[in-house]
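Data first, discussion second: the structure below is written as structure tokens.
Keep in mind that this is a model prediction, so the values were computed, not measured. Start at 1 with the first residue, then count along the sequence. First listed ligand is number 1; within each ligand, the first listed atom is number 1.
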Amino acid sequence: MTGPGPWTHKGPTDISTIESLDIEDFAPGKFEKFWLNISVSALGPVNVPVFAYRGFAPGPTVGIIGAIHGNEVNGIPVIQQIFARLEKSLRSGGVVGTITGTLIGIPVLNVPGFLDSVRSFDGHDLNRLMPGKSNGAAPQQYAYRVFHEIVTKLDYVFDLHTASVGRQNSLYVRADMNDDNINKMATDLSPQIIVHNSSPGGSLRGCAQQNGIKALTIEIGNPSTFQHDLIMRTVDGISTESSHLLPKLYKKVAETLRKGEVIAEIHSVFGELLQRIVAPDEHDTVIIGLESNPVAKLGNRIVHLGVIGNGFLEVVNDGHL
Ligand SMILES: [Zn+2]
């Protein structure tokens with residue numbers, strides 16, 4: 001078994017594209033999911049996915065931003081979970097009257113880096129190019145659009161990161177604790193560690209602060225993986241205040257599977273379930289290998305399964321060396 005099979009292109013449904021993030025245009029009490037056009041490539045527009053919810057009562061706009069470094073993906077399910085939780089509690093009538101202001105979630109900010117599973121944007125660190133240049137090179141123009149079309153529309157920013165390749169991180173916050181508002185944001189998150197520091201020039205956090213926006217950085221563990229314990233801790237922390245595809249693996253290598261058991265699910269960046277991958281009905285199987293990068297690409301092998309047998313029958317060619 002080498003992957004989800006022929007691609008269905010059953011991507012997120014009814015997702016429109018907008019050119020400008022105009023919060024006043026959102027209908028209060030309605031969840032919004034859309035693509036925001038940020039740039040253009042030789043092959044067409046480059047759009048970032050956006051979740052939005054505007055409460056009935058006026059209030060501040062809070063933004064949660066993930067993957068400005070393209071391979072730092074733990075923030076993506078954090079944002080999906082926060083919006084899923086909010087949607088569920090609104091559906092049950094729980095918090096409708098109590099939400100003031102607007103919540104914006106950008107699960108993937110650096111779209112080209114995310115697609116290549118790399119930190120950078122065209123070889124540049126997008127988190128050192130803020131606020132960008134309207135007439136600069138492609139990464140500077142991208143940074144400019146991100147900063148002026150998204151960041152300046154926010155009052156509070158949670159910028160979600162992970163460690164770089166080859167390093168490990170705890171769940172920690174980087175924040176200017178001398179600012180009372182940022183101090184409260186950081187403390188309410190209950191991270192393992194708070195690092196009190198300033199932000200490097202050109203960073204999203206530093207530029208936001210220079211523009212009067214209250215911003216902090218959350219470092220959520222390690223790159224190129226989904227760490228569910230740290231993800232859920234971050235979801236809980238942020239919740240106290242305020243078509244590219246992501247497989248969720250339920251199994252581990254060397255685990256045996258019953259017929260029809262769920263191995264993995266593929267979700268869109270908006271969190272919609274696109275495909276469920278199950279063990280075959282004909283045999284009991286064992287997981288020989290699994291994909292470890294949670295960003296699925298067309299044709300990627302998600303799982304390598306072996307059929308469990310009682311003896312050695314005729315040897316077969318399974319395509320592996
Ligand atoms: Zn980062």
Side-chain angles (χ1 to χ4, degrees), residues 38 46 48-49 63-82 104-132 139-140 142-147 150-151 154 156-176 182 185-186 189 191-210 213-231 233-235 237-238 244 246 269 292-295:
I38 290 292
V46 181
V48 300
I64 317 167
I65 293 175
I68 189 172
H69 291 140
N71 62 341
E72 299 181 1
V73 296
N74 268 334
I76 299 170
V78 166
I79 293 167
Q80 291 172 345
Q81 293 277 342
I82 285 169
I104 303 284
I106 315 272
V108 176
L109 193 70
N110 175 358
V111 171
F114 172 77
L115 295 176
D116 283 345
S117 295
V118 296
R119 172 186 170 90
S120 61
F121 181 109
D122 198 15
H124 297 265
D125 187 339
L126 204 52
N127 204 28
R128 298 291 179 275
L129 296 180
M130 298 295 158
Q140 290 164 324
Y142 195 91
Y144 182 89
R145 281 277 296 165
V146 160
F147 197 78
I150 299 173
V151 181
L154 308 172
Y156 296 88
V157 176
F158 296 90
D159 183 18
L160 309 185
H161 289 250
T162 73
S164 303
V165 171
R167 294 184 189 158
Q168 296 182 1
N169 270 356
S170 57
L171 174 60
Y172 80 92
V173 163
R174 284 193 267 118
D176 174 359
I182 296 172
M185 288 163 76
L189 281 165
Q192 292 172 312
I193 299 165
I194 295 175
V195 176
H196 169 49
N197 71 352
S198 61
S199 195
S203 69
L204 190 150
R205 170 163 77 104
C207 271
Q209 272 186 258
Q210 282 165 13
I213 300 158
K214 306 299 179 188
L216 56 71
T217 299
I218 312 178
E219 295 279 352
I220 312 166
N222 307 330
S224 300
T225 183
F226 285 161
Q227 292 169 282
H228 290 280
D229 52 337
L230 297 185
I231 288 165
R233 254 187 93 150
T234 312
V235 170
I238 295 178
H244 291 281
L246 307 166
V269 75
S292 60
N293 186 342
V295 182

Exercise. At their closest point, which heavy atom of Asn222 faces which heavy atom of Arg167, and how far apart are they?
Worked result: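 Shortest heavy-atom contact: OD1-O, 3.9 Å.
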Problem set entry | Among Asp125, Thr162, Asn110, the one residue meeting side chain to side chain donor-acceptor pair (under 3.5 Å) with Arg119 |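 Answer to the side chain to side chain donor-acceptor pair (under 3.5 Å) test with Arg119 among Asp125, Thr162, Asn110: Asp125.
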Problem set entry | N/O/S atom of Glu72 inside 2.8 Å of the Zn ion (ligand 1), strictly under |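 Within the cut-off used here (under 2.8 Å), Glu72 does place an N, O or S atom near the Zn ion (ligand 1).
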For this session: Determine which of the N, O or S atoms in His161 is closest to the Zn ion (ligand 1) and give its atom name.
Result: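 Atom name of the closest N, O or S in His161: ND1.
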Problem set entry | Nearest to the Zn ion (ligand 1) - the N/O/S atom of His69, by atom name |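 Closest N, O or S atom of His69 to the Zn ion (ligand 1): ND1.
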Exercise. Are a donor atom and an acceptor atom from the side chains of Asn71 and His69 found within less than 3.5 Å of each other?
Worked result: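 No, no side-chain donor-acceptor pair sits under 3.5 Å.
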For this session: Could you point out which residue of Cys207, Ser203, Pro139 forms a side-chain contact (heavy atoms from CB on, under 4.5 Å) with Leu129?
Result: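 Checked Cys207, Ser203, Pro139 against Leu129; only one passes side-chain contact (heavy atoms from CB on, under 4.5 Å): Pro139.
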